[in-house]
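This report refers to the structure that appears directly beneath it.
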Amino acid sequence: MHKSPKTALAAVAGLALALTLAACGGPAASPSPTPSDPATATPTETATPTPTATPTPITPSTSLDGITVTGDAGAAPTVTVPSPWAIDQTRRSVLVEGNGPAAEGDSIVEVNYVGTNGRTGEVFDSSWQRGTHGLFSLDQVVPGFTKGLTGAKPGERVLIGMPGADGYDASGGSPDAGIEVGDSLVFLVDVIAVSTKTAVGTPASPSLPVTVGEDGGKPTVSIPAGATPPANLVAESVIVGAQRPVAATDYVMVRYRTWSWKTGQMIEDVYEAPEAGQLARLIPGWQKGLVGKPIGSRVVIVAPPADAYPQGNATPAIEAGDTLVYTVDILFSSSVTG
C-alpha cells in the first residue's frame, strides 16, 4: 500500500525543516573547532615560548562601501574585502532585489553563499565551492546571519557584514576556518527559497469539481451531494505561489486537509502544525499533483482510488474505492538533504 501523507510526513515543530532534511554546511551557531596538538619538549631541551605579536587594532567601518562584489546573481561571485577590515555592527546591503515572501527570524532558507574573513580577506566557506546549497533555519545560525537575512526575499542577493560579537566570538572563534575572536565576517548570499507559514501568492479560479472556500484562515471544501467523482486526477492551484516549483525529488513541508468524496466529510486535518517528508514516498496523487507547483501555493487535489487508496486505509479511515479531496499548502520545498 502506498504510504499516506499522514504516515510518510514527519511532524516538524517550529518550521525546523532544516533538521528534518539533515542539511549540512552553513554558518552554524556553534562550530566545533578541533584543538591542535600542544608543543612538547624533548628530555634534553627546554621549550621556549614563542612571542605572540600584539594584533594591530582595526578601526571598525560604519558601512559596507569598501567591499566589492563582481559576478551575476545566481553565479559564484568574487568578493573583495579591503583587509584588514572590521564593521561596527551587523549591516546589510541588497545588491539584487528579490520577490515574494520576506524571511522571518525563524524561517527556513535555501541559499548559496560565500563567507570572507574581514581581518585576512580570505574566503573561509563557500556553498558554490562545495556544490551544495545551504539549507537552515534562521534561528539556528550565528546572530549576524539571522539579522542579515531577516526580511530577505527569494531571488535576492544580499551583502552582510557582521562584527565578531554577531559571528563566532561566543564560540571562541573557529580555528579550523581561521576565524579568531573579534574577526568581522562578510557574507555574500543569494536567496533561493524562503519558507512560508501559509499559502502566499496570487488567487486563482480554476475549474474544479468541488467548491473551495475559507473559514478562519483555513481552507474548506464542499462536495456536491450525489455528484459522480472524476475518473482522473485533478490538481489545480487556487493560490499560486511566486517561488520555485516543487521537483519530483524534493522534500516538502505542507499543511493539508482531507475530505471523503463518499461522505463529503473532512477525515483528516493537518493544518495547525506543518509536516514534512519526501515527495517520492507519498501517494501517487500527491506525487503527480504537487510537482511543478510553486512554493507558497494552495493546491486542490482530487485523487481517484488508483491515485490514493484503492484498498482503503485504517488511519485515517478510508473506504475502499473512495475518492479523496485534499487542500495542500506548500510551505517549503527543497532537494537538499545534506
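Predicted model, so just to flag it, every value in this text is computed and none were measured.
Using a cutoff of 4.0 Å between basic side-chain nitrogens and carboxylate oxygens, Arg255 and Glu275 are not scored as salt-bridged. Remark: Lys197 engages Asp106 in a salt bridge, criterion side-chain N to carboxylate O under 4.0 Å. Taking a cutoff of 4.0 Å between a charged side-chain nitrogen and a carboxylate oxygen, Asp322 and Lys262 do not qualify as a salt bridge. Taking the charged nitrogens against the carboxylate oxygens, Arg298 and Glu214 do have a contact shorter than 4.0 Å, which makes a salt bridge. Under the 4.0 Å criterion applied to side-chain N and carboxylate O atoms, Asp329 and Arg257 are not assigned as salt-bridge partners. Under the 4.0 Å criterion applied to side-chain N and carboxylate O atoms, Glu156 and Arg92 are assigned as salt-bridge partners.
Val186 and Tyr113 are assigned to two separate hydrophobic clusters, defined by single-linkage of ILVMFWY side chains at heavy-atom distances under 4.5 Å. Trp259 and Ile301 are assigned to two separate hydrophobic clusters, defined by single-linkage of ILVMFWY side chains at heavy-atom distances under 4.5 Å. Using a 4.5 Å cut-off between side-chain heavy atoms of Ile, Leu, Val, Met, Phe, Trp and Tyr, with links allowed through other members, Val328 and Ile295 fall into different hydrophobic clusters. In terms of hydrophobic clustering, with Ile, Leu, Val, Met, Phe, Trp and Tyr side chains grouped at heavy-atom distances under 4.5 Å, Ile283 and Ile330 are assigned to a common cluster. At a threshold of 4.5 Å between side-chain heavy atoms, the hydrophobic network of Ile, Leu, Val, Met, Phe, Trp and Tyr places Ile192 and Leu149 in two separate groups.
By the 4.5 Å heavy-atom criterion applied to side chains, Ser333 and Gln243 are not counted as neighbours. At a threshold of 4.5 Å between non-hydrogen side-chain atoms, the residues Asp269 and Ile267 do not count as touching. Val79 has its side chain within reach of Ile67: a pair of non-hydrogen atoms, C-beta onward, lies under 4.5 Å apart.
If you check the side chains of Tyr326 and Glu268, you find no donor sitting under 3.5 Å from an acceptor. Side-chain atoms of Asp139 and Ser137 form a donor-acceptor pair, as typed in the model, at a separation below 3.5 Å. Under 3.5 Å, the side chains of Ser260 and Gln265 contain no donor-acceptor pair of N or O atoms. Checked by atom type, the side-chain pair Thr90/Asp166 shows a donor-acceptor distance below 3.5 Å.
Formation of a donor-acceptor pair under 3.5 Å by the Thr120 side chain with backbone atoms of Glu122 is found in this model.
In this structure, Phe136 has its ring center closer than 6.0 angstrom to the ring center of Phe145. Ring centroid separation for the pair Tyr256 and Trp286 comes in under the 6.0 Å cut-off.
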Next item on the list: Decide yes or no on salt bridge (charged side-chain N to carboxylate O under 4.0 Å, His left out) for Arg244 and Glu110, but give the supporting numbers first.
Entry: CA-CA 11 Å; Arg244 70 166 183 81; Glu110 183 175 347; 3.6 Å; yes

